[in-house]
Amino acid sequence: MQERLRPLVRLEAPVRPPKTAAGLDVAYVGDDGTLVAAVTVLDVATLAVLDSVVVRATTSFPYVPGLFAFREAPALLRALEQVKVLPDVLVCDGQGLAHPRRFGLACHLGVLTDLPSIGVGKNSLGPYDPPGSARGEWTPLLLDGEVVGRTLRTRPNVKPVFVSVGHRSDIEAACALVLRLTPCHRLPETTRTADRLGRIS
DNA sequence: GCGACAG
DNA sequence: ATCTTGTCGC
């Protein structure tokens, strides 16, 4: 399925800088397959939360690196259907093109909704060269000798995040957005608000 | 054959 | 992802 959908990914410079950005995250509750998908839509300029949705669901698909979307995407898509403020871009908690078949969660969600999307992972699937210690510094993220994204330092002397394009975006705009959503923490304010929302629900 | 491996 | 106290660094 990933190989079939991969050609649908569109790499392009966004027409306008996004005014709103959605944060998507999934929390797991209990030992069964119960999970909570949370989506928050923020105003990029003020970081104010404009909308938020929580959906409880269940999964039978195990966590398998490379097949992550089949575990979390279904619930996240259901949550996105309930969102009233359509976001200009989806900021996903995971990889986009930085994936073994170049179709991580961010690409999956972007293609299925046809909304611009980017992936911001807390960990890399492969080894990487650390960027300089100053905020804003980055290094190309390579996979099989191919540039699939960037490591990006969002906080001085703190582990970088792993940014890659999901759909209808380009890596330059993706990193610029991540930096704007990261005034004082390592992770984007979008994923932080979604994470907290899903954690208490 | 064994360990690694987004969340 | 999740279970958890103190602790090192800015």
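Labels below follow one simple rule: chain letters A, B, ... track the order of the sequence lines, proteins then strands, and each chain is numbered from 1. Reckoned from all heavy atoms, side chains included, excluding hydrogens, waters and symmetry mates.
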Chemist: When you look for runs of 3 or more Watson-Crick or G-U pairs in a row, both distances below 3.5 Å, which of them include DNA chain C?
Modeler: none

Chemist: Contact class for A/Y28 (heavy atom, under 4.0 Å): base, sugar-phosphate, or nothing?
Modeler: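 Here A/Y28 touches the backbone only, sparing every base.
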
Chemist: Report the nucleotide, chosen from B/dC5, B/dG7, C/dT2, that has the shortest atom-to-atom distance to any side-chain atom of A/R199.
Modeler: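 The listed nucleotide nearest to A/R199's side chain is C/dT2.
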
Chemist: Salt bridge or not between A/R180 and A/E189? Use side-chain N to carboxylate O under 4.0 Å.
Modeler: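 Salt bridge absent between A/R180 and A/E189.
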
Chemist: Let me have the donor-acceptor pairs involving side chains of residues 85-101 of chain A, under 3.5 Å, with sequence neighbours excluded, atom names and distances please.
Modeler:
residue	atom	partner	partner atom	Å
A/D88	OD2	A/K19	N	2.8
A/D88	OD2	A/T20	N	3.1
A/D88	OD2	A/T20	OG1	3.4
A/D93	OD1	A/K122	NZ	2.8
A/D93	OD2	A/K122	NZ	3.3
A/Q95	NE2	A/N123	O	2.7
A/H99	ND1	A/R101	N	2.9
A/H99	ND1	A/R102	N	3.4
A/H99	ND1	A/F103	N	3.2
A/H99	NE2	A/G66	O	2.8
A/R101	NE	A/Q2	OE1	2.6
A/R101	NH2	A/Q2	OE1	2.8
A/R101	NH2	A/G66	O	3.1

Chemist: Looking at every non-hydrogen atom in both residues, tell me the closest pair between A/P160 and A/Y128 and how far apart they are.
Modeler: CG-CE1, 4.1 Å

Chemist: Can you check whether A/V178 reaches A/T154 side chain to side chain, under 4.5 Å on heavy atoms?
Modeler: yes

Chemist: Just wondering, do A/V36 and A/V26 contact through their side chains at under 4.5 Å, heavy atoms?
Modeler: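 They are not in side-chain contact.
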
Chemist: Applying the 5.5 Å / 30° rule, does A/Y63 stack onto the base of C/dA1?
Modeler: no

Chemist: In whole angstroms, how far is the P atom of C/dA1 from the CG atom of A/L187?
Modeler: 9 Å

Chemist: Check every strand shown and say whether A/G119 touches a base, only sugar-phosphate, or nothing at a heavy-atom separation below 4.0 Å.
Modeler: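 If one applies the 4.0 Å heavy-atom cut-off, A/G119 turns out to touch nothing in the nucleic acid.
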
Chemist: Would you sort out whether A/E72 and A/Y28 count as a side-chain hydrogen bond (donor to acceptor under 3.5 Å, both in side chains), showing the intermediate values?
Modeler: CA-CA 10 Å; A/E72 297 198 343; A/Y28 295 82; 2.7 Å; yes

Chemist: For A/T139 and A/T151, what are the C-alpha separation, side-chain angles and deciding distance, and is it a side-chain hydrogen bond (donor to acceptor under 3.5 Å, both in side chains)?
Modeler: CA-CA 5 Å; A/T139 58; A/T151 70; 2.6 Å; yes

Chemist: Could you check whether A/L35 gets within reach of a base, just the sugar-phosphate, or nothing at all, counting any heavy atom under 4.0 Å?
Modeler: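 The residue A/L35 makes no contact with any strand.
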
Chemist: Could you state whether A/F61 and A/L24 fall into the same hydrophobic cluster, counting links through intermediate Ile, Leu, Val, Met, Phe, Trp or Tyr residues with side-chain heavy atoms under 4.5 angstrom apart?
Modeler: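 Yes, it is one cluster - the side chains of A/F61 and A/L24 are joined through contacts under 4.5 Å.
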
Chemist: Working to the nearest 0.5 angstrom, can you tell me the gap between A/T182 OG1 and A/R192 CZ?
Modeler: 10.0 Å

Chemist: Using a 4.0 Å heavy-atom cut-off across all strands, classify A/L67 as base, sugar-phosphate, or nothing.
Modeler: base

Chemist: Checking contacts here: which listed nucleotide (B/dA6, C/dT2, B/dG7) is nearest the side-chain heavy atoms of A/K122?
Modeler: B/dG7

Chemist: Applying a 4.0 Å non-hydrogen cut-off, can you work out what A/G104 is touching in the nucleic acid: base, sugar-phosphate, or nothing?
Modeler: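 Base, at least one base heavy atom under 4.0 Å.
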
Chemist: Under 3.5 Å between N/O atoms: give me all the protein pairs with nucleotides 6-10 of chain C, atom names plus distance.
Modeler:
none

